[in-house]
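Below: the structure, in structure tokens.
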Amino acid sequence: MAKKAKQIAIYGKGGIGKSTTTSNISAALSEMGYKVMQFGCDPKSDSTNTLRNGKYIPTVLDTLRERSTVKAQDVIYEGFNGIYCVEAGGPAPGVGCAGRGIITAVELFKQQKTFEELDLDYVIYDVLGDVVCGGFAVPIREGIAEHVFTVSSADFMSVYASNNLFKGIHKYSNSAGALLGGVIANSINAPYAKEIIDDFVKQTHTQVVEYVPRSVTVTQSELQGKTTIEAAPASAQAEVYRSLAKKIASHTESKVPSPLETNELREWAAKWGDYLLALETGTIRTENAVNI
């Protein structure tokens, strides 16, 4: 009997480094000897590029538009170190739901028992987290993913997207939905950025899984069409990703977060804005400054 794959969803605002982080996690897990599938769930269909030397692969939706019958194996491509790469895809621009590719691809793989046949250890869903609509919420809503992680920097819109994700997890938690493993803090170089993320997870009763610094090594690697794990395996940045992968591999208990209401989030952000202004100028402009 095939083992049950550990299914993980990684969400994040577009452009925050979600796919970069996910691909390096997949690469690090494969280095550890695990059989991994990365399941790209962004309509841009570029999640797995750095696992395949910068090359795009045909998506599930594109393939279904070309053929009446599709086998899961037709849309699975091999990437770095034997990682299975899949891109769900999206509709033609301006037509249909952007999350439709996830729904269709997941149903196809479930019907054909693909994960069991491949005897996978990990399936990692790379999901756009700007809007948790019906399609993008599938890994959470239907309990497909066991654990959800969000990639967030200290920028407000990134934190805002993570807080919206928390609302979705909270909503579906009573109906066997996936729970939150924690926050992957990305592009954390300045001390204040770490302080902001630390305060956000404290306010929402969650945790930081790993602090990932911004690094030129990542840029250099991606310009080669590769992950940092592949292109710069001896780098400090690669070690950060390996540490993150080990923490995700050992993670067993996820929880229901406590998202902030919109007005609470705005008030929280305003306090941090005042604090940063005080750092810059030595002047506190309102009575709401963070007391640190």
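As a basis for the values below, the full set of heavy atoms in this structure was taken, side chains included, without hydrogen atoms, waters or symmetry mates.
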What pairs with His170 under ring pair (Phe, Tyr, Trp, His ring centres under 6.0 Å), at least two apart in sequence or on another chain? none
For Tyr192, I'd like to know if atom OH has over 12 heavy atoms of other residues, nucleotides or ligands within 6.0 Å. no
Gln38 and Ser26: side-chain hydrogen bond (donor to acceptor under 3.5 Å, both in side chains), yes or no, with the steps? CA-CA 7 Å; Gln38 183 162 316; Ser26 293; 2.7 Å; yes
Membership question, hydrophobic clusters at under 4.5 Å side-chain separation (ILVMFWY): are Val123 and Val106 in the same one? yes
Hey, is the main chain of Glu261 close enough, under 3.5 Å, to the side chain of Glu264 for a donor-acceptor pair? yes
Where the side chain of Ser158 meets the backbone of Ser153, is there a donor-acceptor pair that is under 3.5 Å apart? yes
Salt-bridge contact Lys202-Asp199 (side-chain N to carboxylate O under 4.0 Å): no
Check whether Ser235 reaches the backbone of Ala238 with its side chain - one donor and one acceptor, N or O, closer than 3.5 Å. yes
Pair Asp126 + Lys18, salt bridge at N-O below 4.0 Å: yes
Consider only side-chain N and O atoms of Tyr211 and Asp198, and report whether a donor and an acceptor are under 3.5 Å apart. yes
Please check: side-chain N/O of Gln237 versus main-chain N/O of Pro213, any donor-acceptor pairing under 3.5 Å? yes
Separation between CG of Leu64 and OG1 of Thr104, rounded to the nearest 0.5 Å: 6.5 Å
Which of parallel (below 30°), tilted (30 to 60°) and perpendicular (above 60°) describes His251 and His147? perpendicular
Same cluster or not: Phe149 versus Val208, using hydrophobic residues (I, L, V, M, F, W, Y) connected whenever any side-chain heavy atoms lie under 4.5 Å apart? no
So does Arg242 pair up with Glu239, basic N to acidic O under 4.0 Å? yes
What pairs of residues pass the ring-ring contact (aromatic ring centres under 6.0 Å, His included) test when at least one of them lies in residues 18-50, not counting sequence neighbours? Tyr34-Tyr122, Phe39-Phe109, Phe39-Tyr125
Using modelled atom types only, decide if a donor and an acceptor are shared between the side chain of Asp155 and the backbone of Met157 within a distance under 3.5 Å. no
Glu146 and Lys6 ion-paired at < 4.0 Å: no
Compute the centroid of each ring, for Phe200 and then for Phe166, and state whether the two points are separated by less than 6.0 Å. yes
More than 12 heavy atoms of other groups within 6.0 Å of Lys35 NZ: yes
Does the side chain of Arg67 reach to within under 4.5 Å of the side chain of Val70, using non-hydrogen atoms? yes
Test side-chain hydrogen bond (donor to acceptor under 3.5 Å, both in side chains) applied to Glu230 and Ser221, step by step: CA-CA 8 Å; Glu230 180 181 5; Ser221 301; over 6 Å; no
When you check the side-chain N and O atoms of Thr227 and Thr50, is any donor under 3.5 Å from an acceptor? no
Give a yes or no on whether Ile57 and Met37 share a hydrophobic cluster (residues Ile, Leu, Val, Met, Phe, Trp, Tyr; joining criterion: side-chain heavy atoms under 4.5 Å apart). no
Minimal heavy-atom distance between Ala249 and Leu29, with the atoms involved, is CB-CD2, 4.0 Å
Kindly compute the distance separating CD1 (Ile188) from CG (Asn186), expressed to the nearest 0.5 Å. 7.0 Å
Flag yes if more than 12 heavy atoms outside Lys246 fall under 6.0 Å of its NZ atom; otherwise flag no. no
Nearest 0.5 Å, what's the CD1-OG distance between Ile229 and Ser23? 11.0 Å
Kindly check if the number of other-residue, nucleotide or ligand heavy atoms within 6.0 Å of CZ (Arg52) is above 12? yes
Any heavy-atom pair between the side chains of Val86 and Thr48 that's under 4.5 Å? no
For Thr59, does its backbone N or O pair with a side-chain atom of Thr63 as donor and acceptor, under 3.5 Å? yes
Using only atom types and a distance under 3.5 Å, with no angle test, would you say the side chain of Asn24 pairs donor to acceptor with the backbone of Thr21? no
With a cut-off of 6.0 Å (strictly less than), are more than 12 heavy atoms of other residues, nucleotides or ligands near OH of Tyr160? no
Report yes or no: does Asp42 contribute a side-chain atom to a donor-acceptor pair with the main-chain N or O of Val127 at less than 3.5 Å? no
